[in-house]
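Written below as structure tokens is the structure these notes are about.
Residues: numbered from 1 along the sequence shown. Quick caveat: nothing in here was measured; it's all calculated off a predicted structure. Values below: all heavy atoms of this structure, side chains included; hydrogens, waters and symmetry mates excluded. Atoms within each ligand, like the ligands themselves, are counted from 1 in listed order.
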Amino acid sequence: MSETIFEPGRELPVSSECDVLVCGGGVAGIAAALSAARNGARVTLLEREFMLGGLGTLGLVTIYLPLCDGKGHQVSFGIAEELFRLSIERGVVEGRYPKAWLESGTLEEKIANRFQVQYNPHIFAVDAERVLLAEGVHILYGTIAAQTVVEDGKITAVIVENKSGRSAIRVKSVVDATGDADVCALSGADCAVHGLGNVLAAWYYRYTKEKGVQLKMLGCSDIPEEYHTGKEQYLTDRRFGGIDAQEISEMVQQAHQISLADAMKLRETDPTAVPVIYPTIPQLRMTRRIAGIATPDDKPTHVYVPDSIGMIGDWRKRGPVYELPFACLYGGKVKNLITAGRCISVTDSMWDITRVIPVCAVTGEAAGAAAAMSDDFASLNVASLQERLVRGGVKLHCADVGL
Ligand SMILES: Cc1cc2nc3c(=O)[nH]c(=O)nc-3n(C[C@H](O)[C@H](O)[C@H](O)COP(=O)(O)OP(=O)(O)OC[C@H]3O[C@@H](n4cnc5c(N)ncnc54)[C@H](O)[C@@H]3O)c2cc1C
């Protein structure tokens, strides 16, 4: 429809104020809020749903992909490791405890078993909530970042909507951890969308008497052909951009039908089969991102990056290590807006590497610390940011781990 309508302006109450407003409580938002609070900021974390973790809990993506390079070296540290440990503090799923990594295994053992794990989404979400509250983070659930007020190139307030109505939160700086760069788009920051869009995924949990509760992962991840095994399962030919409400609804409806049909098919041979948990947020991988000052690519690897905020491996492949630049977290238009998680600035081929949970934690930690330190990221002293990250246990450069 091309018809438009005028929405009358109105005065809004200021419901609260904070130093750092983290929008989105997925893994990136959790890491950002923790980091900002530990760096002395008054932090509010707002989340549209009523549980933390985003795709990592409500989206039922419960595999914490590797903190290592696949060749026996840990590369991601700091809050990425802290959240990894937290996710399995009360036990691992399916007995795959990463013993070699958590109990000083040999290099051979570490090469044989990557530093990854599967966790229980509910335990992880509630324990993350506990840790954030202990750090003094103010969590506001059921709250959507609906608009921003930008004055002289800075966001001065974020307009939110929740059960109490529409109100404004006054801010010094903002972390966009919405996964879809919603706050960037609302604020007029330059954004980009993924060229291919998303294939359909339909992950859900099902129960059978024999196997108990298990994660069923229908669909494949849309990795480059060089990684294909020939067993990829495409559920439909359609691709989804992920930033159109009608399209997302259709995608979710398709996923519902496919996972229900899967459970019912199993019931033909096992009458105890029943679906027990469906995702409550859409399973989208790469949608919209900020177009940042830097946009790193997946080639080359092992390159020294002067403004590195931490290292990451490639979950699909053994060997590659990347130092992520601070400049891929923010853009040139909105001075006090920084991104974390799956909406940072990277090329389409790098996006598949940076969208995963450990990387979201790495970028969240850096974004949160930076937001606590400054309301103008282009003029932030990167060396002081790096100093704080290192104090928190982050390793910035390949040379720091002997690579
Ligand atoms: C099918 C599938 C399989 C995957 N498999 C794996 C895997 O095995 N291992 C792995 O590590 N990664 C995997 N990933 C990727 C990974 O799960 C996610 O990319 C990662 O969890 C993203 O974290 P995030 O915090 O950046 O974003 P999200 O998890 O998307 O969190 C964003 C949060 O912001 C909230 N939000 C959004 N908009 C607003 C708004 N306007 N206002 C307020 N709140 C808002 C959302 O409710 C959500 O909680 C997979 C992804 C998919 C879809």
Taking atom [atom1] of [X] as the centre, does the number of heavy atoms from other residues, nucleotides or ligands within less than 6.0 Å exceed 12?
X	atom1	result
Asp237	CG	no
Glu210	CD	no
Lys216	NZ	yes

Legend entry - Qualifying side chain to side chain donor-acceptor pair (under 3.5 Å) pairs with a residue from residues 299-314, counting only residues at least two apart or across chains: Asp314-Arg316

Ligand 1: protein N/O within less than 3.5 Å of ligand N/O:
from	atom 1	to	atom 2	distance (Å)
ligand 1	9 (N)	Ile63	O	2.7
ligand 1	11 (O)	Ile63	O	3.2
ligand 1	11 (O)	Ile357	N	2.9
ligand 1	14 (N)	Arg355	NH1	3.3
ligand 1	19 (O)	Arg355	O	2.5
ligand 1	25 (O)	Val27	N	3.2
ligand 1	25 (O)	Ala28	N	3.0
ligand 1	26 (O)	Arg342	N	3.0
ligand 1	29 (O)	Leu55	N	2.7
ligand 1	30 (O)	Arg342	NE	3.1
ligand 1	30 (O)	Arg342	NH2	3.0
ligand 1	38 (N)	Asp182	OD2	3.4
ligand 1	41 (N)	Ala145	O	3.4
ligand 1	41 (N)	Asp182	OD2	3.2
ligand 1	42 (N)	Ala145	N	2.9
ligand 1	44 (N)	Arg48	N	3.3
ligand 1	47 (O)	Glu47	OE2	2.6
ligand 1	47 (O)	Arg48	NE	3.3
ligand 1	47 (O)	Arg48	NH2	3.1
ligand 1	49 (O)	Glu47	OE1	2.7
ligand 1	49 (O)	Glu47	OE2	3.1

Inset, instruction - Identify which one of Leu83, Val137, Val43 satisfies the side chain to side chain contact (heavy atoms under 4.5 Å, CB included) criterion when paired with Leu34. - result: Leu83

Inset, instruction - State whether Trp351 and Arg289 meet the cation-pi test: NZ (Lys) or CZ (Arg) under 6.0 Å from the six-membered ring centroid, and within 45° of the perpendicular axis. - result: yes

